[in-house]
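The first residue of the sequence shown is numbered 1, and numbering continues consecutively from there.
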Amino acid sequence: METITETEVLCIRCARISKSCCNGREIYITPADATRIGTFSGRCDFTEWRAPENPDYSEQSDDPIWDRHVFRKNHTRRILRRSSEGACTFLGPAGCLLPDTVRPLVCRLHPFTYTATGIDAEPSPDCPKHLVPDGMNVFDALHMSTEQACLWHRMLYEEILTENDNDHRPDI
């Protein structure tokens with residue numbers, strides 16, 4: 001079985017040998033994510049409001065801030081559009097077309113699970129941890145410091161709290 005080298009980011013390896021997290025995912029984006037992406041890409045057609053494919057997802061009882069601010073009354077939330085094959089609209093042949101500083105905060109934090117109270121110590125169960133070289137943790141394999149992940153987490157929840165104040169939010 002192949003493993004990644006210390007210089008290759010885990011996301012690149014995962015996308016090359018297995019199903020990437022950029023496929024088949026509903027990627028929530030904050031109002032500020034939408035602004036960053038729109039400014040970088042010059043596009044405004046990359047979002048849509050959609051209810052989760054898995055209805056259980058709209059009941060975030062473990063994270064009332066997420067539940068209260070991300071979802072509208074009809075249980076839809078702003079996500080990145082996907083191609084007909086289910087890939088993120090910004091997924092190119094060599095990976096994400098967006099630089100790290102523009103990517104949605106949810107993408108930057110993946111594969112870690114989190115709530116408003118913090119980031120879980122272990123990555124999501126669907127993360128291919130078997131691709132991480134011996135002696136490295138997932139943070140190392142992603143070239144992500146714990147401090148950086150905590151900063152992105154804090155930014156995410158600060159931006160989530162702006163959802164109710166977003167003048168561009170459709171009324172429903």
Spatial distance of atom CG (Leu91) from atom CD1 (Ile27) [nearest 0.5 Å]: 9.0 Å
Spatial distance of atom OG1 (Thr30) from atom CG (Leu161) [nearest 0.5 Å]: 11.0 Å
Residues which pass side-chain hydrogen bond (donor to acceptor under 3.5 Å, both in side chains) with Thr47, listed by chain and number, not counting sequence neighbours: none
Salt bridge (Lys or Arg N to Asp or Glu O under 4.0 Å) contacts touching residues 82-95 (sequence neighbours left out): Glu53-Arg82
Pairs meeting criterion salt bridge (Lys or Arg N to Asp or Glu O under 4.0 Å) with involvement of residues 26-35, two or more places apart: Glu26-Arg77, Asp33-Arg36
Shortest non-hydrogen contact between Phe90 and Ser41, atoms and distance: CE2-CB, 4.1 Å
Side-chain heavy atoms of Leu156 within contact of Tyr114, under 4.5 Å: yes
Under 3.5 Å: donor-acceptor pair, side chain of Thr35, backbone of Pro31: yes
Side-chain heavy-atom pair Pro104, Leu98 within 4.5 angstrom cut-off: yes
Using distance only, find each side-chain donor-acceptor pair of residues 144-154 under 3.5 Å and give its atom names and separation, not counting sequence neighbours.
from	atom 1	to	atom 2	distance (Å)
Ser145	OG	Gln148	N	2.9
His153	NE2	Thr115	O	2.7

Sequence-distant partners of Phe40, ring pair (Phe, Tyr, Trp, His ring centres under 6.0 Å), two or more places apart: none
Residues which pass side-chain contact (heavy atoms from CB on, under 4.5 Å) with Ala51, listed by chain and number, not counting sequence neighbours: Thr76
Listed once per pair and sorted, the salt bridge (Lys or Arg N to Asp or Glu O under 4.0 Å) pairs that draw on residues 97-125, sequence neighbours left out: Asp100-Arg103
Set of residues satisfying side-chain hydrogen bond (donor to acceptor under 3.5 Å, both in side chains) with respect to Tyr28, sequence neighbours excluded: Glu163
Contact check, side chains of Arg25 and Cys107, non-hydrogen atoms, under 4.5 Å: no
Min side-chain heavy-atom separation Ile119-Leu109 under 4.5 Å: yes
OH on Tyr157 to CG on Leu105, rounded to 0.5 Å: 11.0 Å
Common cluster, Ile79/Trp49, ILVMFWY with side-chain heavy-atom separation under 4.5 Å: no
Atom pair CG (Leu80) and CZ (Arg50), whose distance is rounded to the nearest 0.5 Å: 11.5 Å
Hydrophobic cluster membership, Met155 vs Val106, 4.5 Å side-chain cutoff: yes
Nearest-0.5 Å distance, CG of residue Asp62 to CG of residue Asp67: 9.5 Å
Considering all heavy atoms, the nearest Ala116-Ile65 contact: CB-CD1, 3.7 Å
Exercise: identify the closest heavy-atom pair between Pro52 and Phe71: CG-CE2, 3.8 Å
